[in-house]
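Values in this document were obtained by computation on a predicted structure and should not be read as measured data. Quick note on labels: first sequence line is chain A, next is B, and so on, each numbered from 1.
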Amino acid sequence: MMDISIIVGTIVKIAIVVTITMLHVAYAVYFERKVIGHMQARLGPMRVGPHGLLQPIADFVKLFFKEDIVPSNADKPIFLIAPVISVVAALASLAVIPLWETFAIANINIGILYILALSSVGAYGIILAGWSSNSKYSFLGALRSSAQVISYEIAMGLSLVGVMMLAGSANLVDIVNAQSKYPFILIQPVAFFVFLMAAIAETNRAPFDLPEAETELVAGYFTEYSGIRFGLFFIAEYAGMFIMSAIAVICFFGGWKGPHFWILSHVPNIVWFLLKVYALIFFYYWIRATLPRYRYDQLMSLGWKLFIPLTLANIFVTGLVKLLY
Amino acid sequence: MENTKGNLEDRTQEGAPLATRELTLSMGPQHPATHGVLKLVLDLDGETVVKCTPYIGYLHRGVEKLAEHRTYLQIIPLTDRLDYIASMANNIGYCVAVEKLFGIEAPERAQYIRAITGEMARIASHLLWLATHALDIGAMTVFLYCFREREKIIDLFERLCGARLTVSYPRIGGVRNDVDSKWLDDLYQFTEEFPMRVEQYETLIDQNRIWLRRTKGIGVISAEEAINWGLSGPTLRGSGVPYDVRKFMPYGVYDKVKWEVPTGKNGDVYDRYRVRMEEFRQSNSIVRQCIERIPEGAIMADAPKFTLPPKDKILTDMEHLIRQFVLITKGPQTAPEGDIYVATEAPKGELGFYIVSDGTGKPYRMRIRTPSFVHISVLPKLCEGGLVADVIANIGSIDIVLGECDR
């Protein structure tokens, strides 16, 4: 029988993580608008609150109170549930992410597989949204998304195989502890590169934002969504970005571990973790401000012809080295 | 909306394991990338465009018909609304045509001012083209950088004539008001830093692998086909035809300054992009040369039958007042009869005015040959067989403005 204190503890942990993530989503949007604004010789949000700091709250209030429009020809139950699938998949992934050594809601030994599985489930939300909207733009966006997920899921899974081989575990805490001497980015740079690209494609960010390519498909799969259901897709996207960056930090940058010298060794673990995550998120924004968008077929050939062979070669070399030394 | 025509029929026959049909997508008139109110009906097989049909007319205001009921002077504001991105170029094109009809010529200073402002309009128009073209392909930052420079040109327009977009600055026989040296100095300073800005745009996209893959070999049209389709301007020059009205039939001072006609080779989206990027530099150099050489003198032709008298004379002299009254209300009464076609090089291509005069103060008929109208006709040829994303790149590369197309 499970101890009641464990249940309560878990619920508190869930509440903490979800609250922090929601706040993160709100301010990640603000952060993005500011960063890209300054890169583009403008200021970003400035009006709501000092330096626009209350902008995300105003946006959320607006989204909450807007009318939730369902197109008359839409497949109503699926239309309503699709954004929920996306956001649940994104939030459920948070369960296994260790913010520091002793803090993970569920420290399970298949952490990586769990996250990969949930990110595929998230794609269902997108596909169903596009299908049920009964709009051609949404439909095309959903088709692109399903193709993209299939191609990049594989590359992403394979890129993490090298890490799992080195750590000898799929448990995220074990993976971080295996990097106590040096982070895996030093010995797995190819895997990191592929993972980063696949993560961008997985979260539908520029230059792989084809499912929601504004100038081609208006808004892609969420063209017909409004109000808080649109907001849920938004939350899913930014939570997805946080999760992917967290996985990258855990698998390649030593998670919550920081350098062990001088004053730096006294900095709390969570600070190191968040610093690394936000550095990666900044990188996402930077790419968005710099690069044009790939074309659908080019995206496919990039995934199948470059990333998957690269990761396979990486696995082979990693295995060979591990076998010989 | 279903399309079951053509070779798809045999796939929809009985016994076929999976019947397929094309998806008809109506793109526009409200769409982020169709640059105004262009409507394209795309027949898609997956993401491949099988058929592309442009629909125009959503911005039709009957400019040609309106012109028949206005005096020659009153038509100038109408021409503003053709290619509203570069209204100065339309004004100049119209004024050059009417001057040729009347047999008068603008004084040299006015010619230089027209060349300067015309090239500024070209730079502003190309900036907007680059901004939207890059945004369509996904490079968001270029968009805002271009608007930063365009804002400076538009500010200069505002200081020159009070209007930012619809300038109505040139007049038949000259220009509305003189430029002062402070204005010229500020413009010269702009031209000094502008080439550096163009380089900045190029560093963002020109060497970018994604940009190259999105533009090279897309929407190819050969030189011969381009001529047969009646293309002009940068869209034609991208295919390697060095046709520029400013060189072939020089008007104004374009034969007095040194400049080149940049051309492409392959006639794809990338070459059309390169041509316009080169034109930034050429236009910039024309503006600089004109500022260096601009002579002193009158800004309106000495042709009292066609041009308005100076304001101080109107207020003090009865004869001038009567003349002004007649010119404003009835138009010039001594316009020669006949018809004339005069083409100028607008930023988007050859802009021609065909004017039929019956000797009254209003044109009997005015036909406007606008580049955008011709260029839209080539869209199906460029797009069919490509992907949806290529349609966007193609629309951007032919640089259309629907105000000019629908008129």
**OP:** Would you indicate whether B:Leu59, at its atom CG, is surrounded by more than 12 heavy atoms from other residues, nucleotides or ligands within a distance under 6.0 Å?
**Re:** yes
Subject >> Segment of B:Arg213 engaging chain A (4.5 angstrom heavy-atom cut-off) >> reply: both
Subject >> Residue A:Phe31 excluded, over 12 heavy atoms near CZ under 6.0 Å >> reply: yes
**OP:** Check step by step if side chain to side chain contact (heavy atoms under 4.5 Å, CB included) holds for B:Val388 and A:Tyr296.
**Re:** CA-CA 9 Å; B:Val388 180; A:Tyr296 174 64; over 6 Å; no
Original post:
With a 4.5 Å heavy-atom cut-off, do A:Ile36 and B:Met140 have their side chains touching?
Top reply: yes
Subject >> Validation row: B:Ile210, A:Arg295 side chains within 4.5 angstrom (heavy atoms) >> reply: no
**OP:** Please check if atom OH in A:Tyr124 has more than 12 non-hydrogen atoms from other residues, nucleotides or ligands closer than 6.0 Å.
**Re:** no
Original post:
Between A:Thr290, A:Leu143, A:Leu291, which shows the greatest number of heavy-atom pairs under 4.5 Å with chain B?
Top reply: A:Leu291
Original post:
Can you tell which of B:Leu44, B:Asp390, B:Val391 has the highest number of heavy-atom pairs within less than 4.5 Å of chain A?
Top reply: B:Asp390
**OP:** State whether the number of non-hydrogen atoms from other residues, nucleotides or ligands found under 6.0 Å of B:Tyr188 atom OH is greater than 12.
**Re:** yes
Original post:
How far apart are the closest heavy atoms of B:Ser26 and A:Tyr137, and which atoms are they?
Top reply: O-OH, 3.1 Å
**OP:** Please report the closest heavy-atom contact between A:Arg293 and B:Arg214, naming both atoms and the distance.
**Re:** O-NH1, 2.8 Å
Original post:
Can you check whether B:Thr24's main-chain N or O pairs, donor with acceptor, with A:Lys136's side chain at less than 3.5 Å?
Top reply: yes
Original post:
chain A heavy atoms under 4.5 Å from B:Leu212: which part of the residue, side chain, backbone, both or neither?
Top reply: neither
**OP:** Tell me, yes or no, whether the heavy-atom count around A:His51 atom NE2, taken from other residues, nucleotides or ligands under 6.0 Å, exceeds 12.
**Re:** no
Original post:
Crowded around B:Trp211 CH2? As in, over 12 foreign heavy atoms under 6.0 Å?
Top reply: yes
**OP:** Taking atom CZ of B:Arg209 as the centre, report whether more than 12 heavy atoms of other residues, nucleotides or ligands fall under 6.0 Å from it.
**Re:** no
Original post:
Which atom names give the shortest non-hydrogen contact between A:Arg42 and B:Leu144, and what distance separates them?
Top reply: NE-CD1, 3.4 Å
Subject >> Other residues, nucleotides, ligands: >12 heavy atoms within 6.0 Å of B:Glu193 CD >> reply: yes
Original post:
Atom CD of B:Glu47 and atom CE of A:Met300: how far apart are they, to the nearest 0.5 Å?
Top reply: 9.5 Å
